[in-house]
Amino acid sequence: MAACVGFAFVAQQHRDGYTDTPILPGQKWHVHDPARPYPHEVTPGIFPEAAPSDATILFNGHDLSNWCQMDGDDPNGSPKVPKWKVVDGNIEVVGGTGGLFTKAKFGDCQLHVEWQEAKDITGSGQGRGNSGVFLMSRYEVQVLDSYRAPTYADGQAAAIYGQWPPLVNPQRPPGQWQTYDIIFTAPKFDGDRLVEPAYETVIFNGVVVHNHQKLNGPTGHRVVTPESPVAPEERLYLQDHGPSHPLHFRNIWIRKLKGYDQPER
């Protein structure tokens with residue numbers, strides 16, 4: 001910590017730059033402005049899937065202390081102790097008990113989730129390990145075995161469910177771990193008026209499958225739901241699709257995304 005503080009002090013004392021340059025359009029800063037705040041230092045994970053130093057670890061392989069279940073899968077309902085299990089360092093979905101909600105709430109974020117379907121999975125279409133990762137409890141990125149297993153395009157793995165199919169299908173065979181990295185921008189409202197819609201970038205097993213894609217509104221089955229006012233932050237939700245859809249999750253972490261030029265520490 002002392003080294004970081006020392007670095008910040010040196011940077012503030014000896015940073016170069018210019019104050020006789022043009023003001024950047026839409027900003028208050030000169031080009032190369034020496035007064036512009038330095039970005040906060042973050043230590044990256046030792047491998048790509050590892051959480052960086054400023055991430056919130058939602059599942060650490062040991063317990064579900066950051067999670068709860070809610071009466072009726074209502075994100076505003078009464079929280080309950082989760083019935084999902086931790087087995088061999090992974091979350092095991094206990095079908096029929098309801099979905100899993102984070103205790104904390106999030107808006108703009110970077111989310112990392114890993115998930116695994118059963119190697120001996122059976123069924124067809126939407127009946128192959130169905131689940132979902134719901135940002136703000138309302139915007140679903142589909143979880144499903146879609147490895148050479150056809151279903152409707154906007155319902156396969158990594159689809160923004162019912163709205164946008166993934167650009168490509170990079171899914172690994174069932175039994176192998178799949179990875180989602182999601183960059184989410186929450187919708188912005190002025191009272192009841194939508195100012196900016198929600199956007200998602202989704203990287204599936206290292207492959208971009210949605211590139212800053214605008215969402216029509218909350219996702220749903222066989223419906224088009226217009227956007228409606230929502231709080232700036234809501235719970236993350238992992239879906240339970242019933243006893244016939246066994247699967248596992250692991251290594252879940254999230255970073256709240258803030259704007260540029262945050263005050264220096």
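- The main-chain N or O of Trp164 is never found under 3.5 Å from a side-chain atom of Gln213 such that the two would form a donor-acceptor pair.
- Side-chain contact of Tyr237 with Asp73: a donor-acceptor pair under 3.5 Å is present, judged by distance alone.
- A donor-acceptor contact shorter than 3.5 Å is absent between the side chain of Lys214 and the backbone of Glu200.
- In this model, no donor atom of one side chain and acceptor atom of the other lie less than 3.5 Å apart for Arg172 and Gln116.
- In the model, Gln69 has a side-chain atom that pairs as donor or acceptor with a side-chain atom of Thr97 under 3.5 Å.
- Looking at Gln176 and Gln171, their side chains never bring a donor and an acceptor atom within 3.5 Å of each other.
- Of all heavy-atom pairs between Ala186 and Pro232, the closest is CB-O, 4.2 Å.
- Between the side chain of Asn205 and the backbone N or O of Pro170 there is at least one donor-acceptor pair closer than 3.5 Å.
- With ring centers used as reference points, Trp67 lies 6.0 Å or more from Phe101.
- Counting only heavy atoms from C-beta outward, the side chains of Met70 and Lys80 never approach each other to under 4.5 Å.
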Audit row: Asp108, Lys188, salt bridge (charged side-chain N to carboxylate O under 4.0 Å, His left out) steps and yes/no: CA-CA 10 Å; Asp108 296 356; Lys188 307 299 188 293; 3.2 Å; yes
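- The closest side-chain heavy-atom distance from Arg138 to Val230 is below 4.5 Å.
- Side chain of Ser131 to backbone of Gln239: a donor-acceptor contact under 3.5 angstrom is found.
- Residue Gln262 comes nearest to Pro37 through the heavy atom pair O-CB, 3.4 Å, listed as atom of the first residue, atom of the second, then distance.
- The shortest non-hydrogen separation linking Thr201 to Asn211 is OG1-C, 3.9 Å.
- Cluster partners of Ile183, using a side-chain heavy-atom cutoff of under 4.5 Å among ILVMFWY residues and allowing indirect links, are Leu257.
- Applying the side chain to side chain contact (heavy atoms under 4.5 Å, CB included) test to Ala149 and every residue at least two apart in sequence or in another chain returns Arg128, Asp145.
- A donor-acceptor pair under 3.5 Å is formed between the side chain of Gln142 and the backbone N or O of Gly155.
- Judged by distance alone, with hydrogens and angles left aside, the side-chain atoms of Thr21 form no donor-acceptor pair with the main-chain N or O of His30 at under 3.5 Å.
- Nearest approach of Glu92 to Trp84, heavy atoms of both residues: O-CB, 3.6 Å.
- A centroid separation of 6.0 Å or more is found between the aromatic rings of Phe59 and Phe249.
- Looking at Arg15 and Tyr38, their side chains come closer than 4.5 Å, going by heavy atoms from C-beta outward.
- For the pair Ile160/Glu140, no side-chain contact is recorded, criterion being any heavy-atom separation below 4.5 Å from C-beta on.
- Between the side chain of Asn216 and the backbone N or O of Val224, no donor-acceptor pair lies under 3.5 Å.
- Screening Pro75, Pro187, Cys109 against Met136 for a side-chain contact (heavy atoms from CB on, under 4.5 Å) leaves a single residue, Pro187.
- Once rounded to the nearest 0.5 Å, the distance linking CH2 of Trp115 with CG of Leu247 reads 8.0 Å.
- A donor-acceptor pair under 3.5 Å is absent between the side-chain atoms of Asp240 and the main chain of Gly99, judged by distance alone.
- For Tyr180 (side chain) and Ala158 (main-chain N/O), a donor-acceptor pair under 3.5 Å exists by modelled atom type.
- His112 meets the side chain to side chain contact (heavy atoms under 4.5 Å, CB included) test with Glu49, Glu114, Thr179, Asp181, Asn251, Trp253; sequence neighbours excluded.
- With hydrogens and angles ignored, the 3.5 Å screen pairs a side-chain donor or acceptor of Ser137 with a backbone N or O of Arg235.
- Pairing each heavy atom of Gly129 with each of Glu117, the nearest pair is O-OE2, 2.7 Å.
- Judged purely by distance below 3.5 Å, without hydrogens or angles, the side chains of Tyr199 and His210 never pair a donor atom with an acceptor atom.
- Linking Ile, Leu, Val, Met, Phe, Trp and Tyr whenever their side-chain heavy atoms come within less than 4.5 Å puts Leu100 and Ile182 in one cluster.
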